[in-house]
Amino acid sequence: MMLVDCDVRVGSLIRPFYANKLKNEYKAAATNQDVSDLLERPTGTVDWYSESIAYQTEETPGRLFTGPVGTIIRAEADSIVIGQPDHEMAQLEKAADREDVREFVLALGQMDWRERKAADYIKCVKLALSVGAHLAARKFAMEGNERYPDHPALAKMAYILAPPKTRIITSLPDPTLSADNDWFSKHSHEYRGQWVAVINGVLLGHSTDPNDIKKIPNWDKATITRIVE
Amino acid sequence: MGDLIQYSDGESFATGVINYYIGQQDEVDTDRLCIKVQIGGKHTIAVIDTGGYYVICDPELATFLSPLLIDPLGDTKLEIRGVKFHGKLYRLAVILPAKEGSSLEVDSTVFIPELRPEQKWNLPSFLGFHGFLERIRFAVDPDRSLFYFGGLGES
């Protein structure tokens, strides 16, 4: 999949866009419906009402094709350098589409982030999480937040994905923990597939439905877990 | 606060200890180290998973935590035991309670799967390395079934 220039007709206006090339066809033209791959320039989010789409291919420069769309088009824009397709981000998306973590991480390593905007970091983190590249997601959330500290979406990503922080709790140790542990060690196999509530080594109740556990007195003080089948 | 295990220079290694038990939690003929924890204030059992990501919370257990589950990172994919799950990431306090010494609160990344209609959750909750164990010193005494823990950088 690669990005090429295209034009999109909205009413009487023709506006420049990029479209994804997919298997030698343009997805927008091929389906006449799904133009979600269209990326607007410049940065922003826009909703469209379009009756037709016009595009030209790399192989046929200057020739304009048109086709009906007949649907509401929502294009989430990214920070694309005007006049230049974002090949690096396209590679990243391509890897994410394939659910290929290795290819995704390799593509990420080849990107130049010096001029990248906050939206690029956000997109990168979202793609990383969607493909399962969790170390990369944290790295770019933290870097993005450091570079754009006032951006709320990056701040949230960095907060949730940050390395864990520990704090010693000065409350008294709980000697009843051993009793609960003993119960699970000796009896949990008897309740496979069920939810159990145990407190101080005593089974308060069990059920296949976790909502039943909430009906047991003192359930909120008990150790609650489902015993795997 | 008493240091249960120290380095030779006196620096603390472990500040708390809890019993664990061995359970066959998710695979036949595979033992798992299971300990009691608090996830979002709820006492439960979780499996130590040094090869895993995040704290993974049983999606049905998550129904007990609902007031805390706000403003997540969505559309996250995580492969667990060879199965791809989609879900959301939250930041929650997870407590390792101590039967001796001091308990440890770990501000953690927690993954809560959202099951598709064809999916069934037959796994425990997990304490993974990335997002949880990575900032904890821990040691296991298999003779006494004890799990020692201490926060990295805690004095």
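Convention: sequence-line order gives letters A, B, ...; per-chain numbering from 1.
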* Examine whether an atom of B:Y53 lies under 4.5 Å from a heavy atom of chain A, and if so say whether it belongs to the side chain, the backbone or both; otherwise answer neither. => side chain

* Smallest separation among heavy atoms of A:V228 and B:P124, with atom names -> CG2-N, 3.5 Å

* Checking side-chain contact (heavy atoms from CB on, under 4.5 Å) against A:R226, which of B:I45, B:L61, B:N122, B:T44 comes through? -> B:N122

* Heavy-atom pairs under 4.5 Å with chain A, option from B:K42, B:H130, B:Q38 with the top count -> B:H130

* Pick from B:D71, B:I136, B:I18, B:I35: which one has the most heavy-atom pairs with chain A under 4.5 Å? -> B:D71

* Asked: Taking only heavy atoms into account, what residues of residues 208-217 of chain A are found under 4.5 Å from chain B?
  -> A:P210, A:I213, A:K214

* Which of these, B:S102, B:S12, B:S103, sits in a side-chain contact (heavy atoms from CB on, under 4.5 Å) with A:I168? -> B:S102

* Asked: Any idea which of B:P97, B:S108, B:S145 has the most non-hydrogen atom pairs under 4.5 angstrom with chain A?
  -> B:P97

* Give, as side chain, backbone, both or neither, the part of B:E79 having an atom under 4.5 angstrom from any heavy atom of chain A. => neither

* **Distance in Å, B:K36 NZ paired with A:L177 CG, rounded so as to fall on 0.5 Å steps** => 5.0 Å

* Select, from A:V125, A:L135, A:D180, the one with the greatest count of heavy-atom pairs under 4.5 Å involving chain B. => A:L135

* Answer yes when A:D174 and B:K99 have at least one side-chain N-carboxylate O distance shorter than 4.0 Å, and no when they do not. => no

* Which one, A:L161, A:V196, A:T176, leads in non-hydrogen pairs under 4.5 Å with chain B? -> A:L161

* **For chain A, the option from B:F64, B:F132, B:Y90 that forms the most heavy-atom pairs under 4.5 Å** => B:F64

* Answer with side chain, backbone, both or neither: which region of B:L92 has an atom nearer than 4.5 Å to a non-hydrogen atom of chain A? => neither

* Structure fact -> Given A:S178, A:G132, A:A197, the one with more heavy-atom pairs under 4.5 angstrom with chain B than any other is A:S178

* Asked: A:K186 versus chain B, heavy atoms under 4.5 Å apart: side chain, backbone, both or neither?
  -> neither

* **Choice from A:A128, A:S185, A:A133 maximising heavy atom contacts with chain B below 4.5 Å** => A:S185

* What part of B:I95 is in contact with chain A, defined as an atom under 4.5 angstrom from a non-hydrogen atom: side chain, backbone, both or neither? -> side chain

* Distance-only polar pair, side chains of A:S130 and B:D75, donor-acceptor under 3.5 Å -> no

* What do the steps show when you test B:F111 against A:H134 for side-chain contact (heavy atoms from CB on, under 4.5 Å), and what is the final call? -> CA-CA 11 Å; B:F111 176 74; A:H134 297 278; 6.0 Å; no

* N-O pairing of A:R138 and B:E134 below 4.0 Å -> yes

* Asked: Just wondering, more than 12 heavy atoms not from A:E146 lying within 6.0 Å of its CD?
  -> no

* Asked: For A:I199, is it the side chain, the backbone, both or neither that has a heavy atom under 4.5 Å from a heavy atom of chain B?
  -> neither

* **Heavy-atom contact with chain A under 4.5 Å, split by part of B:Y54** => side chain

* Output yes when A:E99 and B:K84 qualify as a salt bridge under the 4.0 Å nitrogen-oxygen rule, no when they do not. => yes

* **Interface moiety of B:T63 toward chain A, non-hydrogen atoms closer than 4.5 Å** => both

* Check the pair B:L73, A:Y159 against side-chain contact (heavy atoms from CB on, under 4.5 Å), reporting the backbone distance first and the verdict last. => CA-CA 10 Å; B:L73 275 183; A:Y159 167 70; over 6 Å; no

* Structure fact -> The interface call for B:L78 against chain A, heavy-atom contacts under 4.5 Å, is both

* Asked: Mind checking whether B:L89 and A:L129 have side chains closer than 4.5 Å, heavy atoms only?
  -> yes

* Asked: Are any of the side-chain heavy atoms of A:T166 and B:L152 separated by less than 4.5 Å?
  -> no

* To do: Let me know if B:K88 has heavy atoms under 4.5 Å from chain A in its side chain, its backbone, both or neither.
  => neither

* Asked: For A:V198, does its backbone N or O pair with a side-chain atom of B:H43 as donor and acceptor, under 3.5 Å?
  -> no

* Quick one: does A:R167's side chain have a donor or acceptor within less than 3.5 Å of a partner on B:G151's backbone? -> no

* To do: Return yes if some donor-acceptor pair links the side-chain N/O of B:R91 with the main-chain N/O of A:K156 below 3.5 Å, else return no.
  => no

